[in-house]
There are 2 protein chains.
Amino acid sequence: MREEILMMGKRAREAARHMANVNSGVKRQALELMAVALERESQAIGSANEKDIQAALEKGLSKPKVDRLRLTDKVVGEMVSGLREVAMLPDPVGEITRMWTRPNGLRVGKMRIPLGVIGIIYESRPNVTVDAAALCIKAGNAVFLRGGSEAFHSNRCLTNILQGALKDAGLPETVVQLVGTTDRDAVLDMLKLEEQIDVMIPRGGEELIRFVTEHARMPVLKHYKGVCHLYVDSQADLFMAEEIALNAKVQRPSACNALETLLVHQEVADKFLPRMAAAFRKAGVELRGCERTRMYVPDCVPATEEDWYAEYLDLILAVRVVNGMDEAVRHISTYGSDHTEAIITENFHRAHRFLQEVQSSLVLVNASTRFNDGFQLGLGAEIGISTSKLHAFGPMGIEELTTTKFIALGNGQVRS
Amino acid sequence: MREEILMMGKRAREAARHMANVNSGVKRQALELMAVALERESQAIGSANEKDIQAALEKGLSKPKVDRLRLTDKVVGEMVSGLREVAMLPDPVGEITRMWTRPNGLRVGKMRIPLGVIGIIYESRPNVTVDAAALCIKAGNAVFLRGGSEAFHSNRCLTNILQGALKDAGLPETVVQLVGTTDRDAVLDMLKLEEQIDVMIPRGGEELIRFVTEHARMPVLKHYKGVCHLYVDSQADLFMAEEIALNAKVQRPSACNALETLLVHQEVADKFLPRMAAAFRKAGVELRGCERTRMYVPDCVPATEEDWYAEYLDLILAVRVVNGMDEAVRHISTYGSDHTEAIITENFHRAHRFLQEVQSSLVLVNASTRFNDGFQLGLGAEIGISTSKLHAFGPMGIEELTTTKFIALGNGQVRS
């Protein structure tokens with residue numbers, strides 16, 4: 001096993017070398033051919049997926065888990081249109097991001113290049129196979145995939161289709177490789193390939209991500225959880241605050257950028273909280289409040305210390321009344337996850353202070369936390385959200401799948 | 001031990017939160033006060049250093065190792081002037097690197113913020129204590145240091161001085177912390193603090209760096225070795241090629257950006273190699289050449305496969321005659337270390353092809369490999385050179401000790 005994984009890593013490294021110098025046009029055509037091939041092979045995809053579904057049902061997997069495995073026509077259609085959207089994005093590779101001249105006349109610049117080989121370890125959803133591969137290819141990388149065992153047949157079928165399209169585009173099939181086994185040890189072997197894999201992106205539950213972080217020798221781009229906060233300032237437009245809080249909590253409660261804790265300035269708690277609680281009640285949201293919150297919302301469940309740390313991903317919201325900005329910022333830095341925090345205020349100074357002092361991947365003024373998403377922020381795509389600060393912090397688009405090298409243009413400069 | 005290291009980590013996290021919102025003026029003053037304190041305490045530094053030197057001599061450490069430990073007046077003077085130079089650099093924190101507007105009117109931008117807590121694990125040279133701390137502080141970070149056991153007294157003395165200056169500047173002393181033991185297990189404990197330390201920078205030999213990479217749960221910015229190449233094209237200015245090759249090899253052979261392998265186009269080998277060999281002979285450089293090299297330089301030692309991988313860090317140079325650009329690029333990608341490569345050519349197309357195709361941290365045209373250095377490239381400072389691609393690739397200055405968060409300014413936007 002170890003030998004086979006190592007060989008795959010070496011082939012990926014070789015493919016990445018090739019990809020780094022492929023023109024935009026060729027990459028775009030490869031992505032288009034992939035879209036065409038997925039449409040053409042939809043029946044084969046369906047049969048492969050059926051095998052996984054059957055096995056999952058036999059194993060007695062829960063309904064949500066089986067649903068996530070399912071490659072419906074709609075999901076396949078989304079993979080196809082996703083491929084075409086990525087194909088049309090501008091190519092980040094080759095961009096000179098800066099250039100300057102040194103006193104000795106040496107012109108120094110930074111040029112964007114692919115990262116190289118990107119490892120993706122993911123669970124259940126087989127569409128990640130296509131979505132992740134598309135972004136990696138667009139940015140000139142090779143990709144080394146290891147999907148969940150429940151989706152093995154689907155992932156293999158999708159990978160074969162992608163490889164066929166790569167070949168048709170004149171690119172090495174090894175630009176996309178899938179670990180051909182469901183053996184758990186293969187993951188550990190993969191995590192040791194620091195010479196062959198430049199970065200590992202785990203996508204799945206917290207347990208998977210912690211396992212990858214603990215064992216990986218290469219850098220990991222990861223995202224544990226989103227305990228997102230909204231702070232309603234004493235100078236907030238309370239109608240706006242209500243609308244944004246409701247959107248942030250209920251528009252899609254299962255998302256990592258959904259609101260989990262509402263912080264309310266004590267001066268507006270009496271006006272804001274009863275009305276807000278009524279709106280949440282109507283939307284089916286359970287509130288868990290601090291003692292002061294319960295003065296204004298008597299039927300509210302008492303919050304415990306655990307609630308401040310909670311990522312509910314459900315129609316539950318923790319609510320706390322705070323003395324002001326200092327306490328709000330301190331609460332966020334104590335209990336938050338560096339993901340997404342927003343302030344609602346009409347006050348210029350407080351808006352700027354919040355923007356400066358809160359060190360989360362997205363800090364918003366007067367807008368919903370639900371905007372922390374690559375598409376919503378205008379990156380054109382998203383491979384994940386990073387809550388660790390190195391390389392990328394926040395949603396990662398195609399640019400985050402590249403790095404920059406230095407270039408220097410001289411006319412004989414030597415160092416004295 | 002584990003408990004103490006964890007407490008240090010928590011204090012560092014707290015100090016980093018404070019530092020993130022400290023004005024440029026305060027950080028500048030803290031660095032200036034550090035410079036003053038080092039000058040004032042030079043005697044104490046000398047006595048502490050003397051203890052380390054005595055212990056090293058008793059242990060029978062080699063002369064170069066003892067020399068690297070020594071804090072001479074010159075070294076202390078360099079630390080002091082280094083602090084003042086860093087103090088005067090522009091503050092990277094708070095810079096808005098980009099800003100754009102979404103169709104819904106939401107203004108989205110990226111703002112530069114400190115990384116947080118930076119861990120530095122280093123060997124022997126005690127001046128790293130001051131140099132690294134200065135850069136981390138300038139970029140608004142807290143720093144968690146673990147120096148080599150041979151330099152323990154020197155490092156402790158320097159840390160105490162820095163902490164006193166931090167206090168005088170009104171900053172938490174815990175912005176700079178040094179692990180107070182030479183126990184090796186402390187390193188392992190430190191490497192597990194993924195929640196408290198945002199990035200680890202190992203500085204020292206390859207063995208230390210591999211150990212840190214293997215055990216760290218947080219990202220590591222590292223630099224294994226520099227096997228740097230110079231390719232002399234058939235259309236090179238051969239006088240320039242000779243001058244640059246000589247500079248790259250002999251100006252400081254022990255540096256990671258020194259030339260290790262010279263690649264020469266077959267069409268100019270007869271004209272270039274005998275003359276170049278004579279110059280190298282005069283400079284005391286031993287040449288190890290391929291068969292074709294030895295046709296033009298008969299007294300040259302035959303190169304073995306190992307020589308192509310070698311980082312000599314000495315007056316030794318591997319030389320290979322290649323059929324052309326393709327073979328040169330292939331040689332570099334097979335044997336190179338992604339550090340620094342240069343081409344000497346007058347040909348526009350070949351210069352551009354080399355710049356595009358070679359994926360090293362610095363790629364030069366008509367200039368010496370010795371320019372791969374933060375000061376030489378104009379970054380104003382350098383904390384190290386990264387040869388892995390994530391976050392930073394090449395010399396790392398103050399900007400590389402920061403990251404960017406997203407900010408979004410709205411007027412009530414919600415997601416539909």
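Chain naming here is simple, since letters A, B, ... match the order of the sequence lines and numbering starts at 1 in each.
Interatomic distance, NE2 of A/H18 versus OG of B/S333, reported as 13.0 Å (0.5 Å rounding). Atom NE2 of B/H352 sits about 6.5 Å away from atom CG of A/L409, to the nearest 0.5 Å. Rounding to the nearest 0.5 Å gives a distance of 11.0 Å between NZ of B/K389 and OG1 of A/T402. Note: A/F371 CZ to B/N104 CG = 5.0 Å, rounded to the nearest 0.5 Å. How far OG1 of B/T213 is from CZ of A/R217: 9.0 Å, rounded to the nearest 0.5 Å. Remark: A/S388 OG to B/E194 CD distance equals 9.5 Å, nearest 0.5 Å.
Top candidate by heavy-atom pairs under 4.5 Å with chain B, chosen from A/S360, A/A342, A/G116, is A/S360. The residue among B/G394, B/S368, B/G378 with the most heavy atom pairs within less than 4.5 Å of chain A is B/G378. The candidate from B/R17, B/H215, B/K222 with the greatest count of non-hydrogen atom pairs under 4.5 Å with chain A is B/R17. Taking A/V358, A/L355, A/D198, A/V199 one by one and counting their heavy-atom pairs under 4.5 Å with chain B, the maximum is reached by A/L355. Across B/M111, B/Q359, B/E243, B/E400, the residue that shares the most heavy-atom pairs under 4.5 angstrom with chain A is B/Q359. Note on B/E214, B/M240, B/R252, B/M218: by heavy-atom pairs under 4.5 Å with chain A, the leading option is B/E214. By number of non-hydrogen pairs under 4.5 angstrom with chain A, the leading residue of B/T340, B/N21, B/L364 is B/N21.
A pairwise comparison of heavy atoms in B/R102 and A/Q376 identifies NE-O, 2.9 Å as the closest pair. Shortest non-hydrogen contact noted between A/D373 and B/R415 is CB-NH1, 4.0 Å. A/W100 and B/L377 get closest at one heavy-atom pair: NE1-O, 2.8 Å. Closest heavy-atom contact between B/A367 and A/L106: CB-CD1, 3.6 Å. Listed here is the closest heavy atom pair of A/F393 and B/T403: CB-OG1, 3.9 Å.
When the shell of 6.0 Å around CZ of A/R353 is examined, it contains more than 12 heavy atoms from other residues, nucleotides or ligands. Counting heavy atoms of neighbouring residues, nucleotides and ligands inside a 6.0 Å radius, atom NZ of B/K10 does not exceed 12 of them.
With contacts defined as side-chain heavy-atom distances shorter than 4.5 Å, the pair B/L115/A/L390 qualifies.
B/N247 touches chain A through its side chain: at least one heavy atom from C-beta onward sits under 4.5 Å away, while N, CA, C and O do not. Neither the backbone nor the side chain of A/I344 comes within contact range of chain B, judged by heavy atoms closer than 4.5 Å. When heavy atoms are compared at a cutoff of 4.5 Å, B/V93 does not approach chain A at all. In this structure, chain B has no heavy atom under 4.5 Å from any part of A/P103. For B/D338, no part lies near chain A; criterion is any non-hydrogen pair under 4.5 Å. Interface residue B/V414: backbone and side-chain heavy atoms are both found under 4.5 Å from chain A. Looking at B/L379, only its side chain comes within 4.5 Å of chain A, counting heavy atoms on both sides. If you measure heavy-atom distances from B/R330 to chain A, you find no contacts under 4.5 Å at all. For a residue to count as touching a neighbouring chain, one of its non-hydrogen atoms must lie under 4.5 Å from one of that chain's; by this rule A/V108 touches chain B with the side chain only. For chain A, the nearby part of B/E195 is the side chain; its heavy atoms alone come within less than 4.5 Å. Neither the backbone nor the side chain of B/L246 comes within contact range of chain A; no heavy atom of the residue lies under 4.5 Å from a heavy atom of that chain.
At least one donor-acceptor pair under 3.5 Å links the side chain of B/Q251 to the backbone N or O of A/S416.
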Run A/K110 and B/E399 through salt bridge (Lys or Arg N to Asp or Glu O under 4.0 Å) and show every step you take. CA-CA 13 Å; A/K110 296 185 93 167; B/E399 256 184 31; 5.4 Å; no
Hey, mind stepping through A/E357 and B/K405 against salt bridge (Lys or Arg N to Asp or Glu O under 4.0 Å) and telling me if it holds? CA-CA 12 Å; A/E357 292 191 9; B/K405 68 180 175 194; over 6 Å; no
